[in-house]
Each structure stands twice: as C-alpha cells, then as structure tokens.
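Chain letters run A, B, ... following the sequence lines, proteins first, then strands; residues in each count from 1.
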Amino acid sequence: AREQFMKTFNKINEAFKRYVETLFYGGTGSMRIIEDGDVLESGIEIVISKAGKRVQKLQLLSGGEKALVGIALIMSMLEANSGVFYVLDEVDAPLDDYNSEKFRRLLEQENSQFIVITHNKLIMEAGDIVHGVTMVDGVSKVVQVKMEEVLT
Amino acid sequence: AREQFMKTFNKINEAFKRYVETLFYGGTGSMRIIEDGDVLESGIEIVISKAGKRVQKLQLLSGGEKALVGIALIMSMLEANSGVFYVLDEVDAPLDDYNSEKFRRLLEQENSQFIVITHNKLIMEAGDIVHGVTMVDGVSKVVQVKMEEVLT
Amino acid sequence: MKLKEIFIKGFKSFADPTRLEISDKVTVVVGPNGSGKSNVVDAIRWVLGEQSMKEIRAQEREDVVFWGNEKRPPAQTAYVELVFEDAGNRITIARELSRDGNSRYILNGDVVRLKDIREVLMQRGFGKNPYSIIGQGQIDKIVSASPESLRMMIEEIA
Amino acid sequence: MKLKEIFIKGFKSFADPTRLEISDKVTVVVGPNGSGKSNVVDAIRWVLGEQSMKEIRAQEREDVVFWGNEKRPPAQTAYVELVFEDAGNRITIARELSRDGNSRYILNGDVVRLKDIREVLMQRGFGKNPYSIIGQGQIDKIVSASPESLRMMIEEIA
Ligand SMILES: Nc1ncnc2c1ncn2[C@@H]1O[C@H](COP(=O)(O)OP(=O)(O)OP(=O)(O)O)[C@@H](O)[C@H]1O
Ligand SMILES: Nc1ncnc2c1ncn2[C@@H]1O[C@H](COP(=O)(O)OP(=O)(O)OP(=O)(O)O)[C@@H](O)[C@H]1O
Ligand SMILES: [Mg+2]
Ligand SMILES: [Mg+2]
C-alpha cells in the first residue's frame with residue numbers, strides 16, 4: 001500500500017509542477033508530504049511561489065490565483081486516474097481573460113472527458129457539444145446548440 | 001429606539017421590494033421580522049419567490065440568483081444611509097450577461113459613491129474613473145486609464 | 001469507460017424528460033442565471049450515490065423531486081440515468097426516488113444496492129468520493145483543504 | 001461627505017506611493033489576477049480600523065507590510081490614507097504600522113485613537129461594521145447571513 005501511495009503521489013506531484021508552470025507565468029509549485037512517521041498517516045501540503053518571490057502562504061494568494069492552483073491540482077490528479085469524467089461548475093468565474101484563455105487551451109489538450117458550466121464566451125469555444133439550458137414556467141429545458149449560434 | 005428601528009426597517013424593506021422586482025424578472029421579495037416579543041431582540045428573514053412559484057428557500061436559489069438578492073439587499077440599505085461609499089469586489093462574477101447589464105444600470109442610476117472591482121467588460125463601462133492595476137516585479141502599480149483604452 | 005449520455009426526469013427543475021449527449025472530450029453547458037445548470041451537476045452527484053443533502057443543495061430528501069408550480073403539478077418521482085460505454089458494452093446506472101420515500105438504484109435495468117453500483121464504478125477508476133466534480137464556488141476551497149483531506153484524495157486514487 | 005482619494009504606501013503589494021482618485025459616482029478598478037486589486041479593498045478596511053486579521057486576509061499584523069523580494073527590500077512601514085471632502089472641508093484619516101509593531105491612527109495630521117476616528121465616521125453615517133464593503137466571494141454569504149446578523153445590520157443604520 002505504501003509503495004502504491006508513493007508511486008501515485010510522485011506521479012501527481014510531477015504533473016502538478018508542470019501545470020503550475022503552465023498556468024502561473026514564472027511561478028513554481030509542488031506538493032510536500034509533512035513527515036511524521038508513516039506516510040499513510042501524514043498530511044500533504046501545497047507550496048507555491050510566484051515569479052522571483054519567496055514561498056507564499058496559500059491564504060495570501062488572490063481569488064484568481066487560488067482558482068488556478070485548484071485547476072492545476074485537478075488536472076494533475078487526472079494524470080494518475082484518467083478513467084473518470086470531470087464536471088467543472090463555473091471554475092473560471094474568478095479568472096481574467098489571459099488566464100481564461102490558458103484554461104481553455106488546457107481543456108482542449110487533455111484527453112479526458114470534461115463537462116464544463118460557464119458564462120464565459122472564451123471557455124464556451126472549447127466545447128465540441130454545447131447544451132443551452134433555459135427555464136420556462138419554472139421548468140428547465142435543454143437544447144443542443146451549434147457553437148456559431150452561441151457566440152453571436 | 002424601537003420607533004427608529006421600525007422606521008428604518010420599513011424604509012429598507014420598501015426599497016428591497018423594489019430592487020428585487022427590478023433585478024428578478026417577475027420575482028418578488030420582502031423582509032420579515034420573526035416575531036418573538038421585542039423587535040430589538042428578534043431576527044429578520046428574507047423571503048423570495050420567483051415568477052409564479054411558491055415561496056422559495058433561499059438555499060435553493062442558484063449562485064447567480066443569490067448574488068442578485070445580495071445586491072438588492074446592499075442597494076436597499078443605501079436608501080436608509082446614503083452617506084457611505086460602497087466597495088464591491090467582483091460581486092458580478094456569478095452573473096450572466098443579462099443580469100450584468102441590469103447591475104450596470106443600477107450603478108449608473110444611484111447617487112452614492114461606488115468603488116467596483118471587476119473583470120467584466122459590461123460593468124467596466126459604468127465607470128467614470130477607471131484604474132488599471134498591474135504587478136511588476138512583485139510590486140503593484142496603478143495607472144488611470146481612459147475607458148476607450150480598456151475596451152479594445 | 002466513457003460517459004455517453006445523461007437522462008433526467010422529475011429531478012429538481014427538470015420536470016420533463018431531458019437527454020444530454022456527452023462528448024468524448026469537452027461538453028459545455030450554458031444558460032441564464034437560475035435556468036438549471038447546477039441542477040445537472042446535482043443530478044450527476046445524486047445518481048452516483050451522494051448521501052449528503054448539503055452536497056446536492058437540498059434540505060430534505062424530497063427537495064430533489066420537481067415541486068411544481070401554478071402551471072404544472074408536482075412530479076411523483078425523480079429519476080436520473082447515466083449511460084456509459086466501455087469497450088463496446090453499454091452500462092446504465094440510474095437512481096429513482098418517489099414522493100412516498102421509496103428510493104432505489106438500478107444497474108442495466110436491474111434493481112441493485114448502492115454497493116453494487118460503487119463496485120462497478122471503482123473497477124473503472126471512479127472513487128467513492130467523486131473529487132472530479134467541482135461545484136459552483138468550490139474551486140478555491142480545494143486549495144484551502146486540510147493536509148489530511150489532500151492525502152485522502154491521493155490515497156483514493158492509489 | 002465624499003471620498004476623494006486613497007493613498008497607499010508600503011501596504012501589502014503597494015511598495016511605492018500610490019494615489020487613486022475616487023469619482024463622486026462610479027470608480028472601476030480592473031487588472032489581471034494577482035495584480036493587487038483586492039489589496040486595495042484590504043487597505044480601505046484596514047484604515048477604517050479593521051481589527052480582524054482574517055477580514056484583511058492576513059495571519060499576523062506584519063503581513064500587511066510589503067514583504068519585499070529579490071529586487072526590492074521589504075518596506076519598514078505600511079501607510080494608508082483616505083481623503084474626504086465634507087461641505088468644502090478636507091478630512092484625512094490615516095493608519096500606520098511599522099515593522100517594530102508601532103501602530104497609530106492619524107486624523108488631519110494629528111495622532112489620535114481609533115475611537116476618535118470612529119466618532120468622525122459615525123457622525124457621517126459610517127457604522128462601525130462597514131457593511132458597505134463586500135469582499136471577493138462574499139456576495140452570496142450576505143444572503144445566508146443569520147436572522148440576528150441581518151437585524152444587527154439594520155440596527156446599525158437606525
Ligand atoms: N425540486 C425542485 N423543483 C423545481 N425547481 C427547483 C427544484 N429545486 C431547485 N429548483 C430551481 O432551480 C433553480 C436553480 O437552478 P440552478 O442552481 O441549477 O441554476 P443555474 O443555472 O446553475 O444558475 P447560475 O448561473 O445562477 O448558477 C432555482 O431557482 C430553483 O427554483
Ligand atoms: N505584504 C505583502 N507584500 C507583498 N505582496 C503581497 C503582500 N500581501 C499580499 N501580497 C501579494 O498580493 C497578491 C494578491 O493580490 P490581490 O489579492 O489584491 O489580487 P487581485 O488583483 O485581487 O487578483 P484577482 O483578480 O485574482 O482577485 C498576492 O499574489 C500576494 O503575492
Ligand atoms: Mg449554477
Ligand atoms: Mg481579487
């Protein structure tokens with residue numbers, strides 16, 4: 001069990017480092033096992049530092065930066081477990097246009113299945129299938145739309 | 001103290017009803033004092049119902065709907081106390097384009113001072129003064145911009 | 001294993017039978033505030049066996065059944081079905097709840113226990129705690145998760 | 001009473017003296033993620049006497065002083081000033097904290113206690129708890145506020 005854990009941890013940590021570098025311009029990130037004897041009992045800590053800065057307490061990151069670290073974490077778990085499908089409900093809400101664009105590119109590059117809810121037109125473009133939901137008399141209706149229709 | 005409280009409560013409640021009708025297409029809202037003896041000891045409850053529906057538990061509202069109710073609440077407090085300035089940090093993040101537009105119109109109509117942080121180009125247009133913040137080598141810099149520059 | 005389709009009927013605001021085709025890559029769901037997008041996420045969590053009312057934004061079990069309004073009577077049952085395809089085989093997982101409190105899980109047409117559904121999912125990489133579903137407003141909570149819960153997420157996958 | 005200007009120096013990421021002119025109606029603040037927009041909100045709460053570290057996203061008192069990096073030395077003091085205008089008179093309220101822990105409030109150039117600043121603000125409709133400042137991600141928390149805290153908000157205004 002311990003080897004299995006360490007193998008999975010190392011795989012996720014490698015991926016996490018890569019995703020943080022892609023998402024944070026000049027930033028670095030990694031996961032650390034807080035040593036206290038048995039690995040299966042210890043905790044895991046995320047360590048992030050922005051370009052050229054010292055190590056940063058996660059609480060002091062901005063709203064958008066926390067969302068990016070969260071996205072990097074989810075994507076890195078995907079590496080170790082690509083069988084699942086991912087459902088992301090407005091995770092892009094705190095992102096500026098530059099980072100929304102990066103997130104969109106990530107969605108397009110990955111091979112796993114994503115179901116993404118968004119109000120952001122930049123992210124909508126990543127969809128192969130787009131469902132438009134409306135409410136009529138208190139009842140939700142879904143219509144499959146063509147991308148061209150959405151963007152006008 | 002009791003009369004003063006009731007006078008303020010009624011003023012805010014009247015305003016709250018109006019704002020909910022403006023922000024929620026066909027919805028109604030009001031504030032109720034939960035009676036248990038002395039008004040100064042009791043609690044206040046918000047009651048909302050969407051077009052044609054029965055009264056709704058607030059928890060069951062969507063993310064965007066909760067933000068609209070929150071905005072209606074802040075605006076109604078403004079009626080009773082217009083001396084203060086308001087600081088709103090990305091309160092529009094959960095809103096769709098239609099509701100962002102409504103929020104923008106509200107900002108333009110009110111007479112109080114607002115400091116609004118946003119990534120949403122629709123809301124930016126409401127600004128008389130626009131400050132652009134950037135970070136260079138870990139230090140924040142502020143530049144006052146003309147609206148035309150931001151929107152390109 | 002790929003998810004092919006979500007079918008919802010009588011669950012929350014989806015009074016009418018609703019089918020959503022799911023892409024092998026990116027499926028996007030858009031729509032106005034309050035139209036029912038996050039209800040789809042609740043439906044997915046619910047059919048996968050979610051036991052906590054809070055996670056699916058409900059207070060009582062019956063909150064998930066369409067509650068009706070002036071123009072429509074309340075629904076009697078809430079039903080959600082996920083259709084998967086795995087190496088050519090079709091696997092359907094469903095959950096149903098009727099107003100009288102009767103609740104059941106259905107695997108390829110047979111009534112089963114939640115345990116059986118969990119087993120089918122586990123074999124294909126789906127853990128008990130679907131960390132792969134991120135609800136509205138929860139993305140920055142992951143980052144503030146405690147060191148223990150981060151370890152447990154990784155242990156799940158291992 | 002109208003807020004005319006915010007001046008920040010050495011507070012969080014604002015190492016250099018920074019002046020923001022404030023409109024009588026709507027002032028918009030824009031910029032990339034992590035550039036320092038919410039730090040301006042923390043600066044406003046701080047100068048109005050905020051005592052809770054959590055409300056200004058800090059852990060210790062010194063977290064608000066610019067902590068420096070490879071290119072810039074840490075600042076020695078954090079200083080924030082609000083300039084108001086009331087019927088032609090100019091009123092400045094300021095707060096200063098130095099690394100050695102010295103903290104003081106300044107009203108129109110004189111060192112005063114927080115109580116004095118609060119009094120000036122109360123007379124002009126500014127309550128002790130600035131409900132008029134809504135932090136990032138907090139808008140839907142207002143709606144879930146307990147009935148008691150809603151009453152207290154209204155009592156403040158009365
Ligand atoms: N059992 C139910 N029966 C009928 N309607 C319901 C039921 N439960 C919830 N709703 C309705 O669903 C709506 C919320 O939908 P949902 O949270 O999915 O919106 P959304 O599309 O995600 O919006 P947003 O963009 O604001 O996040 C509520 O307004 C509520 O009226
Ligand atoms: N004392 C300090 N000294 C230097 N930098 C600091 C200090 N405290 C916080 N910061 C920096 O400020 C940044 C956060 O800024 P802030 O939260 O204001 O961003 P923001 O513009 O609101 O971004 P977003 O759009 O993502 O919400 C952090 O990345 C952190 O590095
Ligand atoms: Mg939603
Ligand atoms: Mg911010």
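For C:Thr18, the part sitting under 4.5 Å from any heavy atom of chain A is the side chain, from C-beta outward, and nothing else. Looking at A:Leu73, the atoms closer than 4.5 Å to chain C (heavy atoms on both sides) all sit in the side chain, from C-beta outward. Neither the backbone nor the side chain of C:Ile8 comes within less than 4.5 Å of any heavy atom in chain A. Proximity to chain C is limited to the side chain of A:Ile12, based on heavy atoms less than 4.5 angstrom apart. For a residue to count as touching a neighbouring chain, one of its non-hydrogen atoms must lie under 4.5 Å from one of that chain's; by this rule A:Leu88 touches chain C with backbone and side chain alike. Contacts between A:Ile117 and chain C at a heavy-atom distance below 4.5 Å involve backbone atoms as well as side-chain atoms. Interface remark: C:Lys37 contributes backbone and side-chain atoms alike to the contact with chain A (heavy atom separation under 4.5 Å). With a 4.5 angstrom heavy-atom cutoff, A:Met31 touches chain C only via side-chain atoms. Using a 4.5 Å cut-off between heavy atoms, C:Lys141 does not touch chain A at all. Neither the backbone nor the side chain of A:Asn120 comes within contact range of chain C; no heavy atom of the residue lies under 4.5 Å from a heavy atom of that chain. Heavy atoms of A:Ala67 lying under 4.5 Å from chain C belong to its backbone as well as its side chain. Of the two parts of A:Gln59, neither the backbone nor the side chain holds a non-hydrogen atom closer than 4.5 Å to a non-hydrogen atom of chain C. Only the backbone of A:Glu108 comes within contact range of chain C, with at least one heavy atom under 4.5 Å from a heavy atom of that chain. With a 4.5 Å cut-off on non-hydrogen atoms, A:Gln4 touches chain C through its backbone and its side chain both. Heavy atoms of A:Ile33 lying under 4.5 Å from chain C are absent altogether.
Between C:Glu5 and C:Arg19 there is a salt bridge, since a side-chain N of the basic residue sits under 4.0 Å from a carboxylate O of the acidic one. Of the charged side-chain nitrogens involved, none lies within less than 4.0 Å of a carboxylate oxygen, so that A:Arg104 and A:Asp92 do not count as a salt-bridged pair. A salt bridge does not link C:Lys2 to C:Glu85: none of the charged side-chain nitrogens sits closer than 4.0 Å to a carboxylate oxygen.
In terms of modelled atom types and a separation under 3.5 Å, the side chain of A:Glu110 and the main chain of A:Ser112 share no donor-acceptor contact. C:Arg61 contributes a side-chain N or O that, together with a main-chain N or O of C:Gly101, makes up a donor-acceptor pair within less than 3.5 Å. At distances below 3.5 Å, not a single donor-acceptor pair connects side-chain atoms of A:Lys141 with backbone N or O atoms of A:Gly132. Of the possible donor and acceptor atoms, one in the side chain of A:Gln113 sits under 3.5 Å from a partner among the backbone N and O of C:Leu3. A donor-acceptor pair under 3.5 Å links the side-chain atoms of C:Arg95 to the main chain of C:Trp46, judged by distance alone.
Contact count versus chain A (heavy atoms, under 4.5 Å) is highest, among C:Glu148, C:Met152, C:Glu21, for C:Glu21. Top candidate by heavy-atom pairs under 4.5 Å with chain C, chosen from A:Ile123, A:Thr118, A:Val136, is A:Thr118.
Defined by atom type and a distance below 3.5 Å, a donor-acceptor pair is present between the side-chain atoms of A:Glu79 and A:Tyr19. A donor-acceptor contact closer than 3.5 angstrom links the side chains of C:Ser38 and C:Gln136.
Surrounding NZ of C:Lys9 are at most 12 heavy atoms belonging to other residues, nucleotides or ligands under 6.0 Å away.
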